[in-house]
Visitor: 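Shown below is the structure under consideration.
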Amino acid sequence: MKVYNTLTKNKEELIPLDNKTIRMYSCGPTVYSYAHIGNMKAFLFMDFLKRSLNYLGYKVKSVMNITDVGHLVSDSDEGEDKMLKTAKNSNMTPWDIASIYTDAFLNDIGKLNIHRPNVLCKASEHINEMLDMVNRLYDDGYAYETSDGIYFDISKFPDYGKLSNLDLEGQIAGARVAINTEKKHPADFAIWKKAPKEHIMQWESRWGMGYPGWHIECSAMSRKYLGDQFDLHTGGVDHIPIHHENEIAQSNAYIKKQAVKCWMHCEFLQVDNGKMSKSIGTAYLVSDLEKKGFEPLAFRYMCLNAHYSKKLNFTWEGIEAAQKSLNRLSNLVAAHKDSDAEADSDLIETYKNEFRNALEDDLNIPLAMGTVWNAARSSVKSFRIYQLLMDFDKVLGLNLDIKRNEAEEEIPEEISLLAQQRLQARKNKDWKKSDELRDTIKSLGYFINDTPSGQIIKKG
RNA sequence: GGCGCCAUAACCAAGCGGUAAGGUAGAGGUCUGCAAAACCUUCAUCUCCGGUUCAAAUCCGGAUGGCGCCUCCA
């Protein structure tokens, strides 16, 4: 498989560093509020990548962090800790907040059929590993102390800015954040912060009580679970300039080698062709989709239909289209399942190859979806194509085997009574009465669908 | 102000020099008392202007338009 590496700006063949297992780390959520569907796009990307690697025969070990401490309101060490701020506003402890939103997060990724990484690790449970790095970076001269913390000295790391093509001088001129005068360089960043007494989350260190900087958690935990050097690191494009740049600086300085071989970044989800925004109310949650009657998996389908490295535009019209496509695809799968006709073996091979080739080329799942549809729509319905499609679904994760659009729902007695009357009217070929009853039922919020096997009543 | 991305049918979206995948909507059809659903068929020369080439949506230059980051965010 070839993937685009943000670090080298090239597509590269992915070969496990240890010749056995791809070790990948993905930046996870900061659990201070609900994750919106934009966040989910990145986690879906991680999932598509892992499933594809598995499909193509790679062994994979994946790790994702849960950030429950240290992530300040600004990525570049300004402002309050996000967890603390939320805790303060809601009169709960940071631990309560973390617990609530971690559960919500796991629930959401479950609904989106995102496999859990092999290791899900919490920042607050790895303070020792972080302090170990901080201590050594300080001792090795990569960091210095100020009145409020320990800062990484980017002048000691010549490659700083390589990932994002940073023009450090230009950055300084454009910086809008207040300048911390104790920092030697504006881009120097905190790896450890000294804690004021009232700070709830704090741990003992050689500089007194404190808490970790945000970026250090990923360096410490990835190293703990994946080793000094590993294959893949994923995240959203927003992390390229600060978070990942800092991670590279810390990790590489710590092990004196290149820690991560390949960096992959997922583009943003936009809404109505613009930035997703909490203030405009477009930072939708998975539960918002459900409230409008969409399956979370319809959103998954939507994300499968565009390349991870391209911005995807979310609209309600779009999710509607995705849901319909998903329904139809499932119907087609069912049709193949129930058929005993023979499919052309060569054709099956062709589809299989097309699908693999698409995945192998930098995870081109939208292209692979073309093959999925061509296979599904093939004029001969065959159980072998059913098997093929279910094989593809190992990557897609759409649960194509379930019946959609025919879900049994709780029907109120009043409605089913009316439906009974309508059934009777139809038996009598009293079409006028039957149509009136259908209208009545419709006005009560239910929809009647006549099928060869009888009436189907659905909500909406 | 600095950096970068994108521009393909009504909408979403592949395409990476050899003559436009796929999905949704629309249109036509099969089925049905009707409707819906389902299924089948059908639907674009790639923002504009130059250039390179036997050949360009694909490469180069320019114009116009949209978006993102640099500030919280995946």
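This is a predicted model, so every value here is computed, not measured.
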Visitor: Taking any strand in view, what nucleotide pairs with B/C16 in a Watson-Crick or G-U wobble way, both distances under 3.5 Å?
Guide: none
Visitor: With nearest nucleotide decided by heavy atoms, which residue, A/Pro241 or A/Gly28, maps closer to the 5′ end of RNA chain B?
Guide: A/Pro241
Visitor: Under 4.0 Å, heavy atoms only, any strand: does A/Glu320 hit a base, just the sugar-phosphate, or nothing?
Guide: nothing
Visitor: With a 4.5 Å limit on heavy-atom distance, are the side chains of A/Met221 and A/Val63 in contact?
Guide: no
Visitor: Looking for any heavy atom pair under 4.0 Å, which part of the strands does A/Lys429 touch: base, sugar-phosphate only, or nothing?
Guide: nothing
Visitor: Out of A/Gln250, A/His243, A/Lys183, which residue meets the side chain to side chain contact (heavy atoms under 4.5 Å, CB included) rule with A/Phe189?
Guide: A/Gln250
Visitor: How would you label the contact of A/Lys278 with the nucleic acid (heavy atoms, under 4.0 Å): base, sugar-phosphate, or nothing?
Guide: nothing
Visitor: Testing A/Phe48, A/Phe45, A/Phe268, A/Tyr4 for ring-ring contact (aromatic ring centres under 6.0 Å, His included) with A/Tyr308, which one passes?
Guide: A/Phe45
Visitor: Look through every strand shown and name the nucleotide pairing with B/U71 as Watson-Crick or G-U wobble, where both distances are under 3.5 Å.
Guide: none
Visitor: Answer with base, sugar-phosphate or nothing: what part of the nucleic acid does A/Trp431 contact at a heavy-atom distance below 4.0 Å?
Guide: base
Visitor: For A/Phe43, answer base if it contacts any base atom (sugar-phosphate contacts may also be present), sugar-phosphate if it contacts only those atoms, and nothing otherwise; contact means non-hydrogen atoms under 4.0 Å.
Guide: nothing
Visitor: For the side chain of A/Arg328 and the base of B/A38, is some donor closer than 3.5 Å to an acceptor across the two?
Guide: no
Visitor: Centroid separation under 6.0 Å, is that true for the rings of A/Phe383 and A/Tyr386?
Guide: yes
Visitor: At 4.0 Å (heavy atoms only), tell me whether A/Ser434 reaches a base, stays on the sugar-phosphate, or touches nothing.
Guide: base
Visitor: Between B/U32 atom C1' and A/Arg422 atom CZ, what is the distance in whole Å?
Guide: 12 Å
Visitor: Hey, does A/Arg377 reach any base, or is it just sugar-phosphate, or nothing, if we go heavy atoms under 4.0 Å?
Guide: sugar-phosphate
Visitor: Check every strand shown and say whether A/His307 touches a base, only sugar-phosphate, or nothing at a heavy-atom separation below 4.0 Å.
Guide: sugar-phosphate
Visitor: So, does the side chain of A/Asn364 form a donor-acceptor pair with the base of B/G15 at under 3.5 Å?
Guide: no
Visitor: Name the nucleic acid region contacted by A/Gly235, choosing base, sugar-phosphate or nothing; use a 4.0 angstrom heavy-atom cut-off, strictly under.
Guide: sugar-phosphate
Visitor: Looking only at heavy atoms, what is the nearest atom pair of A/Arg404 and A/Asn399, with distance?
Guide: NH2-O, 2.8 Å
Visitor: In whole Å, I'd like the distance from the OH atom of A/Tyr301 to the P atom of B/G22.
Guide: 12 Å
Visitor: Could you pull out the closest heavy-atom pair between A/Ala123 and A/Val69, with the gap in Å?
Guide: CB-CG1, 3.9 Å
Visitor: Scan A/Leu269 against the nucleic acid and name what it touches under 4.0 Å (heavy atoms): base, sugar-phosphate only, or nothing.
Guide: base
Visitor: Counting Watson-Crick and G-U wobble pairs only, both distances under 3.5 Å, name the nucleotide matched with B/G50, or none.
Guide: B/C60
Visitor: Has A/Lys324 got a side-chain N or O lying under 4.0 Å from the OP1 or OP2 atom of B/A25?
Guide: yes
Visitor: Would you indicate what A/Met40 reaches in the nucleic acid, counting non-hydrogen atoms under 4.0 angstrom: base, sugar-phosphate, or nothing?
Guide: nothing
Visitor: To the nearest angstrom, how far is A/Asn313 atom CG from B/C12 atom C1'?
Guide: 8 Å
Visitor: By nearest heavy atom, map A/Ala306 and A/Glu267 onto RNA chain B; which one lands nearer the 5' end?
Guide: A/Ala306
Visitor: Would you say whether A/Phe268 stacks on B/A74? The test is a distance between ring centres of less than 5.5 Å and an angle between planes of less than 30°.
Guide: yes
Visitor: Can you tell me the distance, in whole Å, between the CZ atom of A/Phe355 and the C1' atom of B/A21?
Guide: 15 Å
